[in-house]
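The following block contains the structure, expressed as structure tokens.
Keep in mind it's a predicted model, so treat the numbers as computed, not measured. Below, chains carry the letters A, B, ... as their sequence lines are ordered, and counting in each starts from 1.
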Amino acid sequence: MNDAAAPSPIQLHDTLLGKKCALETLTPGRVGIYCCGPTVYDLTHVGNARAALVPDVMVRFLRHEGYEVKYVRNITDIDDKIIARSQEAGVPALELASRFADEYHRDMADLNLLPPDVEPRVQDHMAEIIVLVESLVAKGLAYAVQGDVYYRVAAFKGYGKLSKRHLEEMLEGAGSRIEVDERKESPLDFALWKAAKPGEPSWESPWGPGRPGWHIECSSMSSTHLGDSFDIHCGGRDLVFPHHENEIAQSQGAHGDDTFARFWVHNGFINFAGEKMSKSLGNFFTTREITTLYPPESLRCFLLTVHYRSGLNFEVEVPCPACGALLDKSAQESGVCPACGHQSEVEELRRRVRFPGLEESDGRLAYIYRTLRQARAFLGTAKQPGSEAPVTEAIAGMLPAFLEHMRNDFNTSGALGALSKPLAEANGLLASGKGVDKASRYLSLERFAADMGEVARVLGCFEQDPDTWLQQRRDMKAARLGLDTAHVDDLVRQRREARSAKDWDAADAMRAKLAELGVGVQDSAEDSVWDFL
RNA sequence: GGCGGCAUAGCCAAGAGGCUAAGGCGACGGUCUGCAAAACCGUUAUCCCCGGUUCGAGUCCGGGUGCCGCCUCCA
């Protein structure tokens, strides 16, 4: 027994209680997680990616800790926006939804997200949804009006407990911003079932042809796949009200006050240039746009540099394609560079956007992959020691510190920070064996590589082959900057020759020339390799 | 107007009362190098303001100030 080393329990912040609590699951050793997935009417934006990444890391970590996890993430394939978009495009709604669900899967796979264990779609749960609505009607919690069914908010006493709102106050504000439907008993009542309008997809129901309201699907699908009660419910902060509040009203209304999600987990927003992401403001980026410019894993890492409950700001720099001057907001909109007068197309500007914060993560990731590559190369060639020897301090402490941060409400920011010292120590050991016992050096690097593997599985980062990833990174950057890599290779070769002839002046001139292209050369005894400065 | 959140170094960001306030980026100094780069080492903060609780507060309470989010589809 070693009490001092006993790990802390996993702490998880619950929105309902507004504080961190020890995670106690319904069934010991098992966890059921439901995540509100995307409404598939277009390519997903980075906010969607973050909302899916948060439970992904949770699932990975809980599995690492020995839990048997059942992870359910739905796809909303029936919705007003999908219908509107399908009518614009002249494509059947479900077909459009199916197409963007495929695109979503591609984005999530690019970001190394594990597929959920179950990915229910609304269209496959009509029977369950109708049964749920019927039971709410039977309990007096819902009423039908002309083919619609509404939830009777006033009849559910706990309404507002998740979002900390009071019925009276909400009633005062109601109607000022939303048009009130006169058929509803109260402006706060929300639709469980909507009667079909002409041209809309619809399903038969006891109230006539129609389709489910937005909130009922999650109540229905979560209980179908996880039971009336389950452990963790995730989603973006903005879903707290009304979506999750309504889910509680529906699920607890139907199944009892002591049912439904035991923990509510909500992730913070992503901002671009300090403003909430919004299409109308033009500071909106899809996941695809970013993963076309940068390695997807760099985006994944960047999203993990901040605690999931905090907001995350993407700094955005838009350089003028002609002179490189940074364009301010008005210049971005007009496309006219104030410095050189160059006129740019919006699309051209978007292809050249830079995200300094993301680039920092990208560079950090490159450092980690380089370290891993060297460590593996060393372990592949060095002789395995025959004797035991102590592992150096920082490396020995890495994994416990990492896991401790993860236990503390999935603090990926702190967890990432715990890797810094060990990384530096590993690089030190790789650079020189000076002052370190040979066996210690080998065993420390061996431990480092093994523990980084474990860290990688939990974070879903650093899992790729270092050479492949570094090559991909360099290629993407070259493409982004419009750099001719063949030309660079050529210059490097010429410089190599000058060096062999000890023509230092020529070599230095080459270095300067490469630097102008943004490229740096690294010389070693055997070779000269280049990378971006 | 109601509710909620946040305010830590030039920038980003951990830190749920108690050793010298993690870490990253940047900057500066150093080791290494033909010169560099990479890598490593070192330097770079008393935590928005005021008051309170406490032996002790960045961490708790009250009051200010400033940002932000939700209250309408939204991750």
Side-chain angles (χ1 to χ4, degrees), chain A residues 11 13 15 18-20 35-39 41 44-54 79-81 84 160 163-166 168-170 172-174 176-179 188 214 234-243 245 266-271 274-279 287 302 305-313 315 356-357 359-361 363-364 366-367 370-371 374 401 405 408-409 411-421 423-432 434 499 502-505 507-508 511-512 514-515 519-525 528-531 533:
Chain A
Q11 297 282 124
H13 185 273
T15 304
K19 61 177 184 184
K20 281 192 245 181
C35 168
C36 285
T39 300
Y41 67 100
T44 52
H45 58 242
V46 259
N48 292 299
R50 188 184 196 193
L53 176 60
V54 168
D79 164 89
D80 291 348
K81 283 197 291 290
S163 53
K164 275 75 176 172
R165 283 155 215 264
H166 304 288
E168 316 79 60
E169 287 164 357
M170 291 168 69
E172 282 173 27
S176 59
R177 301 178 71 175
I178 334 163
E179 199 179 322
L188 300 180
W214 173 36
C234 304
R237 276 215 83 76
D238 53 335
L239 295 184
V240 173
F241 188 88
H243 187 55
E245 196 70 59
H266 292 104
N267 63 270
F269 280 113
I270 287 176
N271 297 312
E275 289 182 61
K276 184 182 166 179
M277 189 161 49
S278 153
K279 286 189 175 176
T287 306
F302 178 53
T305 55
V306 180
H307 185 90
Y308 74 86
R309 265 186 290 116
S310 304
L312 173 65
N313 188 38
E315 296 165 74
E359 285 184 9
E360 190 180 319
S361 289
R364 191 70 186 154
Y367 163 77
R370 272 187 235 114
T371 308
Q374 286 190 62
H405 277 110
N408 179 20
D409 197 23
N411 184 354
T412 53
S413 181
L416 245 14
L419 307 181
S420 292
K421 274 266 169 350
L423 243 0
E425 194 169 86
N427 273 309
L429 289 170
L430 286 164
S432 150
K434 233 188 283 174
R499 283 194 78 228
K502 295 203 189 302
D503 183 352
W504 305 129
D505 287 344
D508 288 348
R511 178 183 287 291
L514 286 159
V519 165
V521 194
Q522 297 178 39
D523 298 319
S524 67
S528 292
V529 296
W530 69 270
D531 202 342
L533 288 170

When you measure only distances, ignoring hydrogens and angles, does the side chain of A:H45 come within 3.5 Å of the base of B:A75 through a donor and an acceptor?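 Looking at the base of B:A75, it does pair with a donor or acceptor on the side chain of A:H45 (distance under 3.5 Å).
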
Can you list every stem that RNA chain B is part of, counting only runs of 3 or more consecutive Watson-Crick or G-U wobble pairs with both distances under 3.5 Å?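 Stem segments, range with range: B:1-7 with B:65-71, B:10-12 with B:23-25, B:26-31 with B:39-44, B:48-52 with B:60-64.
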
Considering every strand and a 4.0 Å limit on heavy-atom distances, what is the contact class for A:S432: base, sugar-phosphate, or nothing?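 A:S432: no heavy atom of the nucleic acid under 4.0 Å.
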
Under the side chain to side chain donor-acceptor pair (under 3.5 Å) rule, collect the residues that match up with A:K20, sequence neighbours excluded.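 Applying side chain to side chain donor-acceptor pair (under 3.5 Å) to A:K20 gives A:N408.
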
Kindly say whether, by distance alone, the side chain of A:K276 makes a donor-acceptor pair under 3.5 Å with the base of B:C74?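 Flag set: donor-acceptor pair detected.
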
For A:T44, check side chain to side chain donor-acceptor pair (under 3.5 Å) against everything at least two apart and list the hits.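 Listed in chain order: A:D107.
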
Under the side-chain contact (heavy atoms from CB on, under 4.5 Å) rule, collect the residues that match up with A:S528, sequence neighbours excluded.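 A:S528 satisfies side-chain contact (heavy atoms from CB on, under 4.5 Å) with A:V492, A:R495, A:R496, A:R499, A:V521, A:D523 only.
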
List the protein contact pattern of nucleotides 32-44 of chain B with one symbol per nucleotide (5' to 3'): B for base contact, S for sugar-phosphate-only contact, - for none; contact means a heavy-atom distance under 4.0 Å. --BBBBSSSS---

Considering residues at least two apart in sequence or located in another chain, which fulfil the side-chain contact (heavy atoms from CB on, under 4.5 Å) criterion with A:A52?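 Only A:R73, A:Y104, A:M108, A:L113 meet the side-chain contact (heavy atoms from CB on, under 4.5 Å) criterion with A:A52.
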
Output all residues satisfying ring-ring contact (aromatic ring centres under 6.0 Å, His included) with A:Y308, sequence neighbours left out; order by chain, then residue number.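 Partners of A:Y308 by the ring-ring contact (aromatic ring centres under 6.0 Å, His included) criterion come out as none, since no residue qualifies.
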
Where along nucleotides 26-31 of chain B does protein come under 4.0 Å, by heavy atom, of base (B) or sugar-phosphate alone (S), with - for untouched nucleotides? ------

Apply side-chain contact (heavy atoms from CB on, under 4.5 Å) to A:A401 and list each qualifying residue two or more places apart in sequence or on a separate chain.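 Checked A:A401 against side-chain contact (heavy atoms from CB on, under 4.5 Å); matches are A:A418.
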
Under 4.0 angstrom, heavy atoms only, what part of the nucleic acid is A:T44 near: base, sugar-phosphate, or nothing?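 No contact at all - A:T44 keeps every heavy atom at 4.0 Å or more from the nucleic acid.
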
Contacts of A:W214 that satisfy side chain to side chain donor-acceptor pair (under 3.5 Å) - sequence neighbours left out: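 With neighbours one apart ignored, the set is empty.
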
Kindly write out the residues that satisfy side-chain contact (heavy atoms from CB on, under 4.5 Å) with A:E425, not counting sequence neighbours, or none if the list is empty.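 Partners of A:E425 under the side-chain contact (heavy atoms from CB on, under 4.5 Å) test: A:T392, A:A394, A:I395.
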
Over all strands shown, is A:G357 touching base, sugar-phosphate only, or nothing at heavy-atom distances under 4.0 angstrom?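 Touches nothing.
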
Selected nucleotide, minimal atom distance to A:N408 side chain, candidates B:A14, B:G15, B:A75: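 Output: B:G15.
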
Partners passing side chain to side chain donor-acceptor pair (under 3.5 Å) against A:D238 (at least two apart in sequence or in another chain):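 By the side chain to side chain donor-acceptor pair (under 3.5 Å) rule, A:D238 matches no residue at all.
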
